[in-house]
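Worksheet for the structure shown next.
Counting starts at 1 for both ligands and their atoms, following the listed order. Because the structure is a prediction, the values reported are computed rather than measured.
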Amino acid sequence: MPPCRRFGRTFKGGVCGTARVAGAPLCLFKPGGRGTRRCASRLRFAPFAARQPANRWSTDMADAEELKRAAAAKALEYVTDGMRLGLGTGSTAKHFVALLAERVAAGLKVTGVPTSEQTKAQALSLGVPLATLDELPELDLCIDGADEIGPELALIKGGGGALLREKIVASAAREMIVIADETKTVATLGRFPLPIEVVTFGVEAIKLRLKGAIATAGCDGELKLRHKADGKPFITDQGNVIVDAHLGRIPDPRALARALEEVAGVVEHGLFLGLARRAVLAGANGISVITP
Ligand SMILES: O=C(CO)[C@H](O)[C@H](O)COP(=O)(O)O
């Protein structure tokens, strides 16, 4: 049995052979005739075989991570030497930063501007050179995840609470590429609660004004202040709080964005309109790259 070209190992009871699935570098693991499973991570490869009898939920979770990593790997193809990169936040962006770090270790020269303290810590720990947006106010490319991807690549972002810095960094970049597993795509935005970052002063009054603004854009739904697991309000990297708007449907995202921007106390909202120029989506059938 030839060893896996990616991992350099031969796996007992099965064949591991690298392949490109619809352009994405994935390793195909064929455990002894029991079907083909995908593995995109050296570290998780061995446990994967042992995981065969695991319950459906954990298998789905693992598959979702593999898809995120596959999207991140494809997006890496758009990165070239010397680029100034916006580095997104979230579980998909985390895969991108990890893969980017491997390329940096192999000699790629890039400078990243992180969109959160979390991403900054990850990038620093992996040796990715960083700068602040003040030092690099113009970026070549920003790569980030999203919570929902609607028509014309309109996005909802901010599930991880980093929407403010994410929007500033994406706006500073010549191009934004959004990376996600394909379950994030929707025909109409709004199933994912829309994060709205507001100042900590007068939150209840701000929520009342938000309710009215949301109604003028033809939407309705509950507004909830975001809390952490310990019950305390979630505080963003900029020291603000987040109100999540559970709207269900956003028929006119531009109208809603305009209405939200008029409410005093709103710092930013999670509607990213006209920012993403490309989406790299990973699904069961491979990778697709879509443009608005
Ligand atoms: O906007 C974000 C963080 O503020 C993330 O990009 C978004 O929540 C998607 O995260 P994940 O890749 O973990 O699904």
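Side-chain contact of Glu261 with His269: a donor-acceptor pair under 3.5 Å is present, judged by distance alone. Side chain to side chain, Thr132 and Asp134 fail the donor-acceptor criterion of an N or O pair below 3.5 Å. A donor-acceptor contact closer than 3.5 angstrom is absent between the side chains of Gln118 and Thr89.
Here's the thing with Ala93: none of its N/O atoms is less than 3.5 angstrom from an N/O atom of ligand 1.
Less than 4.0 angstrom separates some heavy atom of Gly90 from each of these atoms of ligand 1: 13 (O). Atoms of ligand 1 found under 4.0 Å from any heavy atom of Asp144 (numbered from 1 in listed order, with element): 6 (O). In the vicinity of Gly161, heavy-atom distances shorter than 4.0 Å reach the ligand 1 atoms 4 (O). Shown in contact with Gly145 at under 4.0 Å from a heavy atom are these atoms of ligand 1, numbered in order with element: 6 (O).
Look at Glu175 and Arg277 and you find no salt bridge, because none of the NZ, NE, NH1 or NH2 atoms lies under 4.0 Å from a carboxylate O.
Among all non-hydrogen protein atoms, the one lying nearest atom 2 (C) of ligand 1 is Glu166 OE2, 3.2 Å. For atom 11 (P) of ligand 1, the nearest protein heavy atom (residue, atom name, distance) is Ser91 OG, 3.3 Å. Annotation: atom 12 (O) of ligand 1 to nearest protein heavy atom, Thr92 OG1, 2.5 Å. Counting only heavy atoms of the protein, atom 8 (O) of ligand 1 lies nearest to Asp147 OD1, 2.6 Å. Given atom 1 (O) of ligand 1, the protein heavy atom at minimum distance is Gly158 N, 2.7 Å. Looking at atom 5 (C) of ligand 1, its nearest protein heavy atom turns out to be Thr89 O, 3.2 Å.
Assignment of Gly88 to the shell around ligand 1 is not supported, since no heavy atom sits closer than 4.0 Å. For the ligand labelled ligand 1, residue Lys184 lies inside the 4.0 Å heavy-atom shell.
Lys232 NZ: 12 or fewer foreign heavy atoms inside a 6.0 Å radius.
Of the candidates Asp244, Val243, Ile206, Leu223 forms a side chain to side chain contact (heavy atoms under 4.5 Å, CB included) with just one, namely Val243. Tested against Glu166 for a side chain to side chain contact (heavy atoms under 4.5 Å, CB included), the candidates Thr115, Leu155, Leu275, Thr119 yield a single pass: Thr115.
Geometrically, Lys157 engages Phe272 in a cation-pi contact, judged by NZ or CZ lying under 6.0 Å from the ring centre and within 45° of the ring axis.
If you look at Ala146 next to ligand 1, the close heavy atoms, those under 4.0 Å, all belong to the backbone.
Taking CG of Leu247 as the reference point, atom CG of Asp220 lies at 8.0 Å (rounded to 0.5 Å).
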